[in-house]
Amino acid sequence: RESGCKIQNWLHKDDVTVLTVATDENHGLERYLRSARVYDIDVEVLGKGKTWTGGNMNYAGGGQKINILKEKLGELMKTEDKDHIVLFTDGYDVMFLGNMADILAKFKAMPDTRVLFAAEPFCWPDAKLASMYPNTEVSNPFLNSGGFIGYLPEIYEILNAKEIKDKDDDQLYYTKIYLDKNMRETLKISLDHKSEIFQNLNGALSDVQLRANSTEEWPYIENVATKQRPLIVHGNGPSKLTLNYLGNYLAKSWSMNEGCTLCAEKRIKLKDDNLPTVMMAVFIEQATPFLEEFFQQLLDIDYPKNKIQLLVRNYVEYHEAEVDSFYQKHSKDYATAKRIKPSDFISEAEARNIAMERCVNSVCDYLFAIDSVARVEKQTLRYLLSSGYDVIAPLLVRPGQAWSNFWGAINSAGFYARSADYMDIVYNSIRGIWNVPFITNCYLMKIELFRTPAAKSVTYSKEEVDPDMAFCASLRDLGIMMHVSNERELGHLVNPETFDITRTHPDVYQVLDNKLEWEKRYLHVDYAVNFEEGREHLMPCPDVYWFPMMSMRFCNEWIAIMEAFGQWSDGSNNDKRLESGYEAVPTRDIHMSQVGLERQWLHILKEYVRPLQEMVFIGYYHNPPVSIMNFVVRYRPDEQPSLRPHHDSSTYTINLALNTPHVDYEGGGCHFLRYNCSVRNTKPGWLLMHPGRLTHYHEGLLVTNGTRYIMISFVDP
Ligand code: UDP
């Protein structure tokens, strides 16, 4: 008896029996029991392992709970005295929000009450009974059977008042007893109209406010209509998803100060000598930018390949060659491997069902499903496995957008709805692992969950519903909880929306929509070095600056796009592409607008060229840069080998070399006449930048062999 608080708890444990019924162990029960532990409440779970004969709980039913409880109360009557208190709650959709001492204090303060039932705004399951209620001019006028507290003899009497069949409705049973004036008065039965103890969520969502942004106290709910802080919350009927949402915060699961305490509790340690077997099911359902990098990340995942069963499903003919080459090269490194090709004509839903079935029916501990749009850090799989959650997705967001791989809430039609915390999670303003109603694109699932008879209903196939929506709906129906983690950075989503596979090298077109991948693949490895402090920029001729800018791969693909298009101008002064129709110093070229790269190139000017310009031509700011003439020039001996001296109509000109002297061509370069200075040994991916219309009179030097390509813009004409 060290402290007063302990004594109080010790006392209540003898005086009170807390009971629930749960025939199966599920996530709802796990959450319930944890909340009890948090508040030091001992719960006895009745009915464990029994077959549920109480009907489908989306309809009337639940009489079995009464029958199970009746048996237990019979036992208690033999050992306990008349002052013994019984607290009963449902088990799958209930959480404790306070300790027993507080619950008892509130109960004992209720005037003239020996039994207190939870209350709700709906008269269910028989609305006709509403008129028989003694008082309906209160909030939550009607009885709810998901929670009650009272003295043992009275509750025993209620339970033994009549027979009830397992499949009959428990709420109707208790309601009829309450509506019997004689029983109500002799047994002193009251309803918790103000939610002093029991808060039912169905129909109460506008009354119940989550208070989670205090640094002083743990999150709690407040009933703003009755000014109460309920101690037990029940996600009755269709409000289960709301309880899932609130449950992310309540019962000391998360706080501003502590972060995700529940995450820490659940975390497990992976044993390297006994790692679980994971089926990695890869889905390529749509043409996807930067697929090469996707495959590389699969190879890079930090997990032994002999513990991974690989399944690669590709539905996109365009990608098949790349998929095939990956599969041929690497499938043998995995424990097992299977592929589904476009020519198999298997729908997405079927393919996903196949992956599940294969995992369920083999030596497989987890299914790790990953879509081609998902880009994850190599630690992701290990992280998810060690999270201890059964179904968990890493939070993946399209950079700079609110588009992610989870939904925070769901509307009544089963579609996306935004939860109050959706943006906070997406922007990492709060971090943790969140119980959510829908996940997609990348997730890990403990496969044991799907080896039960009930899990036969889990499926990706449902007419007119997206496979993932169908799947998540079937998990929700089973009470399997899904989670998304933003505890730490785990990756992002690529955006496939503008990916146009009719283009040559369509990835290079993706600078606006998939910046991260694009920069990694196409910017020069030393681009960032340009901005290092104290960097002395190369200046091969006066005021002609020289920067590493684009990768070799960029240059090659850029040339290939032009050559695939092939409609080089004829080098004459007449140029229909120009507004004036006349070009004084013509070249053989292709304009960016002709190959659909105008918008992308202007973006490159703004994002990658302008910052370089601002560093060297100090004091000149023009954002965004304007450029009407953006084109690739081709110099070769049999076509146009050089360009006569001229001024550019630009404030500054950029000249990006796309190929290599002495390898791809001989000769070439740029000569600045006023300075009698030439830049000959240009380097692919390196950008020359010089003033335009006045000082830098220049000419294109003769190419004597091969073909030279350069990309030119006259910036701010
Ligand atoms: N229950 C059970 N096994 C089942 C279904 C229900 O033990 O297969 C118990 C469990 O305590 C659950 C309660 O019955 O919380 C009521 O079911 P549910 O929560 O689905 O109903 P609701 O609160 O929505 O009426």
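Order of appearance sets the numbers: ligands from 1, and atoms from 1 within every ligand.
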Check your understanding: Just one of Trp407, Tyr249, Tyr245 clears the ring-ring contact (aromatic ring centres under 6.0 Å, His included) bar with Trp434, so which one?
Key -> Tyr249
Side-chain atoms of residues 182-189: list all donor-acceptor pairs with protein atoms under 3.5 Å, sequence neighbours left out, distances to 0.1 Å.
{"unit_1": "Arg184", "atom_1": "NH1", "unit_2": "Tyr178", "atom_2": "O", "d": "2.8"}
{"unit_1": "Thr186", "atom_1": "OG1", "unit_2": "Asn182", "atom_2": "O", "d": "2.7"}

**Study point:** Nearest-0.5 Å distance, OH of residue Tyr173 to OG1 of residue Thr175
**Key:** 12.0 Å
Practice item. Would you check ligand 1 and list the protein residues that come within less than 4.0 Å of it by any heavy atom, ordered by chain and number? Key: Val21, Ala22, Thr23, Trp52, Met57, Lys65, Asp90, Gly91, Tyr92, Asp93, His234, Asn236, Gly237, Lys240
Review point. Under the criterion side-chain hydrogen bond (donor to acceptor under 3.5 Å, both in side chains), which of Gln171, His234, Gln199 is the partner of Glu120?
Key: Gln171
Which side-chain N or O atoms in residues 475-484 pair as donor and acceptor under 3.5 Å with protein atoms at least two apart or in another chain?
{"unit_1": "Arg476", "atom_1": "NH1", "unit_2": "Pro437", "atom_2": "O", "d": "2.8"}
{"unit_1": "His483", "atom_1": "ND1", "unit_2": "Val391", "atom_2": "O", "d": "3.2"}

Report, one line per pair, each donor and acceptor closer than 3.5 Å where one atom sits in a side chain of residues 237-244; sequence neighbours left out.
{"unit_1": "Ser239", "atom_1": "OG", "unit_2": "Asn202", "atom_2": "N", "d": "3.4"}
{"unit_1": "Ser239", "atom_1": "OG", "unit_2": "Asn236", "atom_2": "N", "d": "3.1"}
{"unit_1": "Ser239", "atom_1": "OG", "unit_2": "Asn236", "atom_2": "O", "d": "2.7"}
{"unit_1": "Lys240", "atom_1": "NZ", "unit_2": "Asp93", "atom_2": "OD2", "d": "2.8"}
{"unit_1": "Lys240", "atom_1": "NZ", "unit_2": "Gly235", "atom_2": "O", "d": "3.1"}
{"unit_1": "Lys240", "atom_1": "NZ", "unit_2": "Gly237", "atom_2": "O", "d": "3.2"}
{"unit_1": "Asn244", "atom_1": "OD1", "unit_2": "Arg31", "atom_2": "NH1", "d": "2.7"}

